[in-house]
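What follows is one structure encoded as structure tokens, with my remarks underneath.
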Amino acid sequence: MAKEYNFREIEKKWHQRWVEQQTYRVTEDATRPKFYVLNMFPYPSGAGLHVGHPLGYIASDIYARYKRQQGYNVLNPMGYDSYGLPAEQHAIKTGQHPQISTFANIDHYREQLDKIGFSFDWSREVRTCDPAYYHWTQWAFQQMFQSYFCNTCQKAQPIDDLIRHFEEKGTEALDVAQSEELTFTAEEWKSWDERRRSEVLMNYRLAFLGETMVNWCPELGTVLANDEVVNGVSERGGYPVEQKRMRQWCLRISAYSQRLLDGLDTIQWSESIKETQRNWIGRSEGTEVEIPYTLSATGEQEGSFTIFTTRADTMFGVTFFVLAPESELVDKVTTPEQRAAVDAYLSYVKSRTERERMIDHTVTGVFSGAYGINPITGDRCPIYIAEYVLAGYGTGAIMAVPAHDSRDYAFAKHFDLPIIPLVEGADVSQESYDAKEGIVINSPVSDDKSVLYDGERLCLNGLSIKEAIAETKRFVETHHLGRIKVNYRLRDAIFSRQRYWGEPFPVYYKQGIPTMVPEECLPIELPDVEKFLPTETGEPPLGNAQVWAWDEQHRQIVDKALIDEKTVFPLELNTMPGFAGSSAYYLRYMDPTNDKALLSPEAAAYWQNVDLYVGGSEHATGHLIYSRYWNKFLFDLGVSKKDEPFQKLINQGMIQGWSSFVFRIKGTNRYVCYDLLDVQYDDAAKKSRYFYQGEEADPIYTDISTVSGKELDVEKIRQWMPEFRDAEFVTNAEGKYIVLQMVEKMSKSKYNVVNPDEICTNYGADTLRLYEMFLGPIEQSKPWDVAGIDGCHRFLKKFWMLFWDKEGNLQADDSEPTADNLKSLHRLIKKVSADIEEFSYNTSIPAFMVATTELTNQKCRSRHVLEPLVSLIAPFCPHIAEELWEALGDKFPGKEDRGSVCDAQWPVFNEKYLVESTVKMPVQFNGKVRFTLELAADMSKEEIEKTALTAPEAQKYLDGMTVVKTVVVPGRIVNIVIKPA
RNA sequence: GCCCAGAUGGUGGAAUUGGUAGACACGAGGGACUUAAAAUCCCUUGGCCUAACAGCCGUACGGGUUCGAGUCCCGUUCCGGGCACCA
């Protein structure tokens with residue numbers, strides 16, 4: 001009887017064994033090099049784990065196991081990002097506390113994860129909603145509150161240093177990150193009371209209360225960060241978002257713009273993610289120029305304003321100026337005659353939502369009545385107010401150069417303003433010339449159209465645009481007309497959410513002044529509430545808490561009834577956003593149970609940062625920016641030992657699901673087969689519409705379990721949902737009901753979720769692991785398709801059979817391997833090692849299949865080949881590897897104590913087993929003949945040439961020929977070009 | 001509009017980074033074993049022309065470099081992603 005590959009038994013056995021022996025427990029070990037592998041931890045949703053989740057986990061698990069076999073001390077932890085909106089919305093609907101559903105979901109996730117055989121060290125698990133964990137989220141927030149950012153040293157500094165500076169010099173010689181530029185003296189500072197000082201300091205703190213325009217989502221009842229808003233609607237739920245002015249906690253992430261940008265050059269991330277982050281940070285180096293203005297075409301100067309431009313070279317093409325409607329200057333420059341028109345325009349702008357402004361780009365604007373004086377030409381140009389200029393970027397004022405900016409061009413055409421081209425050969429009669437390429441013309445050389453400064457006038461004729469920009473910058477700086485300025489698009493992160501299920505702020509309000517709860521009293525624990533919606537008075541849900549205040553004397557939360565007393569203060573009612581808990585969790589894994597610090601200096605020094613981080617690219621402008629900011633801040637404090645948290649990043653693609661649709665005729669209970677429908681594309685609605693005999697039919701999702709192939713199982717759908725029980729199904733001529741199938745993101749609401757449990761049950765975890773890797777490159781998104789899974793399972797059976805004879809006995813022996821055996825083995829070692837390093841596991845699997853077939857055909861028995869083979873497959877399929885490793889150990893006495901296969905040494909590749917000389921490809925051309933030899937690697941160029949020309953295989957080509965030339969391709973191949981003698 | 005990444009059989013995808021294009025798997029077709037089915041195994045499978053051998057064409061399209069191009073360079077088309085009245 002042949003020994004069967006009984007994966008159920010094998011996997012069960014090893015899951016137990018790993019738990020008993022704590023195989024994956026990791027401790028700091030100074031004698032071994034560390035390696036830190038990390039996955040983005042999951043949000044435990046009610047739908048459970050689907051086949052997309054494990055993709056990244058398997059990929060990183062393979063890498064972790066591989067590194068461990070190479071002798072590294074590998075940290076490979078897992079945890080849960082367990083605060084979030086779905087749990088809260090579930091709670092609002094059902095009244096059940098979000099912790100109950102969250103914990104239930106976590107248990108379910110854990111059960112599913114355990115089936116797949118990961119090498120996670122579960123003793124290091126973290127949960128963001130655990131007070132012992134969010135203690136340190138709160139602590140980090142407090143540290144940010146107590147810090148400001150010094151621009152000169154590009155580092156966070158204690159706020160006390162800044163206070164000392166104010167006491168001594170006011171704002172003199174201050175170069176720090178700030179919300180707005182304030183100017184005051186030391187005397188003024190000293191004269192202010194505590195409340196005023198507190199407000200002023202908010203201008204500098206890294207965590208600060210700010211009056212800002214926020215993305216308010218009425219449907220969700222909370223504000224959202226910029227990355228949580230997509231095309232004017234909320235990322236979650238797709239609800240409309242409006243702009244609202246609110247007092248919110250913010251993080252001064254913009255202070256770190258330059259460091260966030262520079263850091264990208266030091267990490268191994270995909271170019272596309274780095275590029276996305278660069279776009280998001282949006283550095284632009286330009287020039288600020290002071291523009292004096294007058295209130296009439298001939299009048300005296302009334303004041304000045306500052307514009308920002310990246311195209312300083314176009315100063316000679318300015319024909320008007322534009323202010324953002326929200327700019328404070330609008331009021332100053334509006335003349336009495338234009339007042340009514342300006343007010344009308346401002347109220348029009350106010351009436352428009354952010355979304356309307358984003359979609360609708362029609363030209364609007366109004367003349368202010370004032371004129372700006374171009375400091376280079378001395379020209380007076382009208383000042384307009386228009387919504388195409390944004391208040392939040394640069395100075396909220398621009399110089400308009402219609403010839404070379406398409407937006408200015410559209411505006412100039414609409415208001416019939418002059419257009420002056422400045423680039424040789426640029427035709428601006430139909431559209432502007434925006435490119436930064438060409439030779440500059442039209443700058444006056446000596447006439448009165450340019451202003452002399454200290455005997456110098458700006459002249460750019462003949463320069464390239466890039467040279468002209470540099471020259472203008474120099475001119476502007478030398479003559480104090482403005483300054484070189486770097487702007488960033490990155491906005492500060494809004495850090496308050498009007499929700500219940502998040503980290504509470506460790507902040508109370510003492511006579512209205514925001515005050516930090518003392519560090520030793522942390523964490524401030526999330527209180528129980530009865531209702532998870534905002535209070536009747538519109539306070540966030542925490543306002544529903546019975547006990548939610550701070551008594552400074554007792555330093556504890558006291559009864560709400562005592563709040564009127566002078567010594568009792570209200571605590572902050574907002575909670576922190578989702579990214580708070582996920583911003584530093586990788587540090588906590590290094591020392592997860594430490595209750596004295598976020599992590600000990602020893603743990604930080606050993607583990608440093610994450611060597612390999614695996615997760616989806618959808619976090620490019622969210623988590624992956626916030627974490628980098630958070631880590632840089634902690635690095636400035638000395639808590640984190642590396643400036644960048646994630647050295648190498650791999651973005652696994654999404655596994656999509658196949659959604660299936662049936663079609664219900666409007667207003668009926670009849671469902672029509674997809675074949676029978678007319679499909680029309682509705683351009684306006686940007687979707688397809690379906691018609692059956694003139695009647696419209698709506699696509700309705702049906703569960704994947706009700707469909708096989710493209711055919712609907714009518715009985716199954718009737719049982720699945722009551723609404724289908726009595727439905728009528730119109731089938732096609734063959735009596736089949738065909739559904740429409742589409743590839744979409746896997747989601748509970750689309751009924752297209754495939755769950756890994758079933759595959760584990762039917763094929764085993766090893767097959768699942770192998771198959772998920774085989775599906776295609778890790779970084780690519782691809783639809784889930786079970787069709788190929790049999791192939792992987794079949795391979796594992798073949799692999800298994802390599803080790804057992806027909807009677808079910810292990811057939812390994814001590815014999816010496818043949819040259820063919822070694823060649824097959826070493827080719828595999830080379831391929832698999834290289835693939836793991838490059839994360840192209842999908843191509844390793846065919847290599848395993850080929851090697852297995854070869855060794856089977858060679859009837860290989862030698863344990864000197866079979867043992868390394870088991871080591872090689874161990875990272876991919878740990879269960880089968882353990883079983884075989886154990887069996888091999890039993891067979892060869894004295895090797896019983898060699899432990900788990902995850903400590904088996906990774907086989908070392910030796911090229912000498914591969915090498916042989918072969919003629920590669922004789923080709924004729926131009927009367928000559930060329931052939932190629934593959935040779936050993938470790939020869940000198942001369943040796944290779946000599947070997948090639950004397951190789952027996954070569955002689956039949958060389959006979960009667962003259963060698964024209966030989967070309968040695970480094971290390972491997974020789975091209976020999978020959979012609980008849 | 002700007003930036004980034006792509007395009008290879010019926011399908012997912014290989015190709016040692018410039019060296020026999022299509023590995024491996026799926027699907028399809030044919031066969032063996034079997035009362036039958038499952039399981040397993042073997043053969044064929046890019047296109048065209050062939051009875052067969054052979055031959056020709058073929059990596060989105062058009063050029064170029066090279067003894068040699070899926071790979072490098074220039075241009076075009078199409079798909080995906082990011083940013084976007086950011087001056």
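Order of the sequence lines fixes the chain letters, A, B, ..., with proteins taken first and strands second; residue numbering starts at 1 for each chain. Just so it is clear, the values below take in all heavy atoms, side chains as well, and ignore hydrogens, waters and symmetry mates. All figures in this text were calculated on a predicted structure; none of them were measured in a lab.
On the C1' atoms, B:rC74 is 22 Å away from B:rC79, given to the nearest whole Å. For the C1' atoms, the distance from B:rC73 to B:rC24 is 33 Å, rounded to whole Å. For the P atom pair drawn from B:rU59 and B:rU8, the interatomic distance equals 12 Å after rounding to whole Å. A distance of about 36 Å separates the P atoms of B:rA32 and B:rA21, rounded to the whole Å. A gap of 40 Å separates the P atoms of B:rG81 and B:rU66, to the nearest Å.
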Discussion item. Taking Watson-Crick (N1-N3 plus N6-O4 or O6-N4) and G-U wobble (N1-O2, O6-N3), each under 3.5 Å, can you produce the dot-bracket string of RNA chain B? Use [ ] for crossing pairs and | for inter-strand ones.
Written reply: ((((.((..(((......[....)))((((((.......))))))(((......)))..(((((..]....))))))).))))....

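The distance from atom CD of A:Q858 to atom CG of A:L822, rounded to the nearest 0.5 Å, is 9.5 Å.
With sequence neighbours excluded, no residue satisfies side-chain hydrogen bond (donor to acceptor under 3.5 Å, both in side chains) with A:N910.
Proximity of A:R278 to the phosphate of B:rC4: no side-chain N or O atom is located under 4.0 Å from OP1 or OP2. At the phosphate of B:rA87, OP1 or OP2 sits under 4.0 Å from a side-chain N or O atom of A:S284. OP1 and OP2 of B:rC24 both lie 4.0 Å or more from every side-chain N or O belonging to A:N842. Checking the phosphate oxygens (OP1, OP2) of B:rC26, a side-chain nitrogen or oxygen of A:R794 falls inside 4.0 Å. Note on A:Y393: a side-chain N or O is less than 4.0 Å away from OP1 or OP2 of B:rA87.
Remark: A:R628 qualifies as a cation-pi partner of A:W269 under the 6.0 Å distance and 45° angle criteria applied to the six-membered ring.
When the options A:Y345, A:F411, A:F321 are evaluated for a ring-ring contact (aromatic ring centres under 6.0 Å, His included) with A:Y384, the one that passes is A:F411.
No contact: A:P783 has no heavy atom under 4.0 Å from any strand. Residue-level contact check: A:V389 touches the bases, meaning some heavy atom is under 4.0 Å from a base atom.
Going from atom CH2 of A:W280 over to atom C1' of B:rC3 covers 16 Å, rounded to whole Å.
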N/O contacts under 3.5 Å, protein versus nucleotides 5-12 of chain B?
unit_1: B:rG12; atom_1: O2'; unit_2: A:L775; atom_2: O; d: 2.7

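Classified by its glycosidic torsion, B:rG9 falls in the syn category, the angle being within 90° of 0.
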